[in-house]
Amino acid sequence: MTFENNCTVPKMLLRTAEKYSEIPAQYKRLKDGNFEPVTYRNMIKAGLDFGAGLLNIGVKRGDPVGLISDNRAEWFQADLGIMGIGAHDVPRGCDATLIDLEKILAVTNTKYVITENSAQINKILSLKDKLPDLKVLINFENEVKSEVLELAKKCNVEVLYFEEIIKEGQKWRIEHVGKVEEEFEKGNEDDIATIIFTSGTTGNPKGVVLTHKNFLVQLDEVTERIYLNPGDKALSVLPVWHVFEREVEYVITCQGASLCYSKPIGSILLADFKKLNPHILPAVPRVFEAVYDGVTKKMRKTGGIVLAMFNFFVGIAKIHKRMQRRMFNQNPCFTAYHPVLWWFLFIIPWTLLWPFYWLGNLLIFRKIKEMLGKNFRGGVVGGGAFPPNVDEFFWAIGVNVVEGYGLTETAPIVSVRPFAKPIFRTIGSPLRGVNARIVDQDGYVLGRCKEGILQIKGDTVMKGYYKDPEKTAIAITVDGWLDTGDLAIMTIHDELQIKGRIKDTIVLRGGENLEPLPIEMKLAESKYIKQAVVLGQDKRYLAALILVDEEEIKNFAAENGIQYDTYENLLASDSIQKLYEGEIANLISSKNGFKMFERVNKFTLITKPFEVGVELSAKQEIMRFRINDLYKKQIDAMFIEE
């Protein structure tokens with residue numbers, strides 16, 4: 001997909017709306033759980049009206065506008081208006097802490113902030129002493145608590161409403177015919193579109209400055225890999241302030257498809273699948289893990305012949321698809337490939353297994369697919385590592401889930417596995433116009449088939465970190481290569497595999513280097529383990545914090561006649577401790593490809609689920625620096641012999 005010279009995101013949306021004016025651009029969730037369609041014509045009109053309303057209250061080209069809200073149809077409309085008049089957004093979600101809000105709004109000297117509700121207004125007003133530039137708050141919801149309005153008055157901050165700005169914008173457009181449209185057309189591809197402050201998995205959030213060109217250049221090829229037809233539906237479940245969801249929404253809307261606002265909560269998501277029959281679901285790995293866990297738990301609860309059939313047919317499907325990947329060159333290649341050899345070896349067993357695969361699809365897999373609606377084409381997973389067992393499960397049952405990769409600093413897409421020709425356990429090759437290379441710690445280029453640090457160059461790379469030239473210089477080399485901080489390897493066909501993060505690398509006292517992520521993902525394959533965090537920097541051995549699955553543990557206790565008074569005492573019992581010792585030893589073993597020094601020697605069972613903003617970032621990645629602080633006592637106890 002190509003765009004006119006000097007295109008901006010609002011111009012792209014205007015051109016799309018001209019072609020697909022009566023197709024729904026958005027499906028807006030109502031209070032009763034149903035959805036109301038908003039056509040491209042009406043979405044663009046709302047964006048133009050809101051942009052005019054912003055001009056009316058004094059917002060100027062180049063101004064930062066805070067946008068503190070979760071996913072909703074109005075977010076996209078408001079942002080269209082902001083960018084259309086040449087301003088840029090400074091976004092964050094409703095889970096933003098006071099420290100987050102202070103940092104992003106103070107450093108950008110923001111005068112105007114859009115909020116979702118009274119709670120966000122209250123948080124921002126509590127920081128007024130540290131936000132001297134703040135003048136106006138615009139709220140999406142039509143009601144603000146009286147005590148909050150009183151506080152705003154004391155702080156000398158005006159509170160307005162989104163609908164009010166829209167109405168004033170409509171009047172302004174009548175009085176200034178064509179003026180807001182002129183502002184939309186003035187936009188330049190190198191103008192700042194947004195300043196996104198990273199969620200800070202390393203503890204140091206930075207303001208990433210992204211231009212319109214950064215976003216649009218990716219759409220040239222992404223729309224070939226993740227293809228949609230006008231009117232197709234995509235579920236929107238990720239935080240819209242995050243760059244992955246944001247670019248995904250541009251991928252969807254530039255093709256004339258429809259955004260449907262759902263939530264990453266199992267019951268709501270599955271209900272919306274049935275109501276909307278979407279074609280794609282872009283989401284972080286944990287959403288697909290939740291679907292996988294839900295299916296497998298349901299089967300275990302059912303038990304009996306149903307569970308036996310499920311396990312049998314899934315096992316057959318995995319073997320059948322493994323052969324198929326060999327025969328059709330769908331595995332990552334790191335050496336010369338000889339397809340004739342694999343056809344010779346597998347054609348007979350592959351053919352013999354086909355009737356069993358067909359029967360499994362008829363009896364089991366089809367019912368799983370029905371949960372995803374009638375039109376589901378595939379899922380797009382990004383924002384974190386996709387567990388191999390979950391990837392293989394969906395591949396085996398015939399649900400297309402493709403993995404992508406990117407960073408906030410690359411706006412974000414570097415590569416994505418195509419729907420049409422996916423290569424298993426890769427993130428695909430870099431997009432057109434995006435260059436990738438693998439280097440060692442000294443910066444020497446390693447080339448294909450060697451693991452090293454991934455560097456990226458191209459028009460997707462950010463303008464820099466906001467007001468931070470020193471960090472920008474560290475991240476981007478003098479010749480324009482962005483150091484991602486991720487370990488990767490490139491196949492002979494240029495597909496990429498991400499192996500971990502440099503900053504996550506654990507160095508044991510014996511000098512052994514290892515990546516915790518593959519160990520953590522393997523541990524999470526146990527039905528008794530929801531999540532695991534592997535530790536051991538500068539220690540003699542590895543240890544792990546294990547987040548237990550309470551339901552499965554209680555089922556185990558009931559099945560084995562284990563008596564207990566409290567849940568905590570059950571976890572501390574010898575039976576449960578031995579259960580986890582066995583699970584960990586079986587999973588992290590040489591038969592599964594792990595080295596001796598990668599084995600987990602000690603573990604602590606924890607029960608509190610990890611939360612976004614506490615242990616997890618907005619992308620639901622583990623914030624290891626927070627884990628070290630929050631669980632210091634438990635961690636120290638595992639290494640007490642050190």
Side-chain angles (χ1 to χ4, degrees), residues 285 288-289 291-293 295-296 299 307-369 378-379 381 385-404 416-429 449 489-499 517-519 521-527 586-594:
F288 293 99
E289 286 179 67
V291 174
Y292 168 76
D293 289 341
V295 170
T296 53
M299 292 298 159
L307 178 60
M309 286 172 59
F310 175 78
N311 289 335
F312 173 76
F313 284 119
V314 169
I316 290 291
K318 287 180 179 179
I319 295 168
H320 190 258
K321 291 294 186 179
R322 285 170 191 170
M323 292 179 183
Q324 186 168 301
R325 289 197 296 270
R326 288 284 191 181
M327 293 162 64
F328 292 94
N329 197 14
Q330 293 177 313
N331 281 333
C333 289
F334 299 103
T335 58
Y337 182 75
H338 304 288
V340 175
L341 172 64
W342 296 114
W343 274 87
F344 177 77
L345 288 174
F346 291 142
I347 186 61
I348 293 175
W350 181 77
T351 305
L352 291 173
L353 285 176
W354 170 252
F356 294 98
Y357 182 84
W358 177 85
L359 189 60
N361 187 60
L362 181 68
L363 298 176
I364 304 291
F365 309 152
R366 188 178 63 177
K367 293 177 181 178
I368 297 172
K369 294 173 191 175
V381 60
F386 194 29
N389 65 312
V390 181
D391 195 358
E392 184 166 40
F393 172 78
F394 284 115
W395 190 297
I397 69 170
V399 174
N400 200 358
V401 180
V402 298
E403 186 176 8
V416 62
R417 200 190 301 175
F419 274 159
K421 292 183 179 179
I423 302 299
F424 186 62
R425 299 307 299 152
T426 74
I427 53 171
S429 57
C449 307
I489 189 169
M490 187 178 287
T491 72
I492 61 175
H493 298 130
D494 292 340
E495 294 98 7
L496 291 165
Q497 278 189 334
I498 302 300
K499 310 297 281 187
L517 192 59
I519 302 172
M521 289 196 296
K522 193 66 182 176
L523 289 171
E525 290 182 17
S526 168
K527 66 180 180 180
N586 287 332
L587 289 165
I588 311 304
S589 61
S590 57
K591 70 179 181 182
N592 288 326
F594 292 98

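Using modelled atom types and a 3.5 Å distance limit, the side chains of Asn361 and Arg366 yield no donor-acceptor pair. Judged by distance alone, the side chains of Lys591 and Asn586 never bring a donor and an acceptor atom under 3.5 Å apart.
Taken to the nearest 0.5 Å, the CG atom of Leu359 stands 9.0 Å off from the CD1 atom of Ile364. With values rounded to the nearest 0.5 angstrom, Ile519 atom CD1 is found 7.5 Å from Leu523 atom CG. To the nearest 0.5 Å, atom CD of residue Glu495 and atom SG of residue Cys333 are 7.5 Å apart. How far CG of Asn389 is from OG1 of Thr296: 9.5 Å, rounded to the nearest 0.5 Å. To the nearest 0.5 angstrom, Ser429 atom OG is 11.0 Å from His493 atom NE2.
Using a 4.5 Å heavy-atom threshold, the side chains of Lys318 and Glu392 count as touching. Side chains of Ser526 and Leu587 form a contact here, defined as non-hydrogen atoms less than 4.5 Å apart. In this structure, Val402 and Val381 have side chains that are not in contact, with every pair of non-hydrogen atoms separated by 4.5 Å or more. The closest side-chain heavy-atom distance from Ile319 to Leu353 is below 4.5 Å. With contacts defined as side-chain heavy-atom distances shorter than 4.5 Å, the pair Tyr357/Phe313 does not qualify. Contact annotation: the side chain of Phe334 never approaches that of Ile492 to less than 4.5 Å [non-hydrogen atoms, C-beta and beyond]. Side-chain atoms of Asn592 and Ile588, non-hydrogen and from C-beta on, never get closer than 4.5 Å to each other. A 4.5 Å side-chain heavy-atom check between Leu517 and Lys499 finds every atom pair outside the cut-off.
Shown here for Met323 and Pro349, the closest heavy-atom pair between the two residues is CE-CB, 3.7 Å. When every heavy atom of Pro332 is checked against every heavy atom of Gln497, the shortest pair comes out as CG-NE2, 3.5 Å. Of all heavy-atom pairs spanning Ile397 and Lys369, the tightest one is O-CE, 2.9 Å. In terms of heavy-atom proximity, Lys321 sits nearest to Trp395 at CE-O, 3.7 Å. The minimum heavy-atom distance linking Ala396 with Ala317 is given by the pair O-CB, 3.5 Å.
Taking the six-membered ring for Trp and the full ring otherwise, Trp343 and Phe328 have centroids separated by under 6.0 Å. You'll find the ring centres of Phe346 and Trp342 inside the 6.0 Å limit.
Heavy-atom contacts from other residues, nucleotides or ligands closer than 6.0 Å to CZ of Phe312 number more than 12. Residue Ile348 qualifies as open at atom CD1: its count of foreign heavy atoms under 6.0 Å is 12 or below.
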Using a 3.5 Å cut-off and no angle test, enumerate the donor-acceptor pairs between side-chain atoms of residues 420-428 and protein atoms at least two apart in sequence or in another chain.
unit_1, atom_1, unit_2, atom_2, d
Arg425, NH1, Phe386, O, 3.0
Arg425, NH1, Asp391, OD2, 2.9
Arg425, NH2, Phe386, O, 3.0
Thr426, OG1, Ile423, O, 2.8
Thr426, OG1, Gly428, N, 3.2

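Here salt bridge (charged side-chain N to carboxylate O under 4.0 Å, His left out) pairs that include residues 327-343, with residues two or more places apart or in two chains, number zero.
Ring orientation note: the planes of Phe393 and Phe310 are tilted relative to one another, at an angle of 30° to 60°. Between His320 and Trp354, the ring planes are tilted. Angles from 30° to 60° get that label.
A donor-acceptor distance shorter than 3.5 angstrom exists from the side chain of Asn400 to the backbone of Phe419, with no hydrogens or angles considered.
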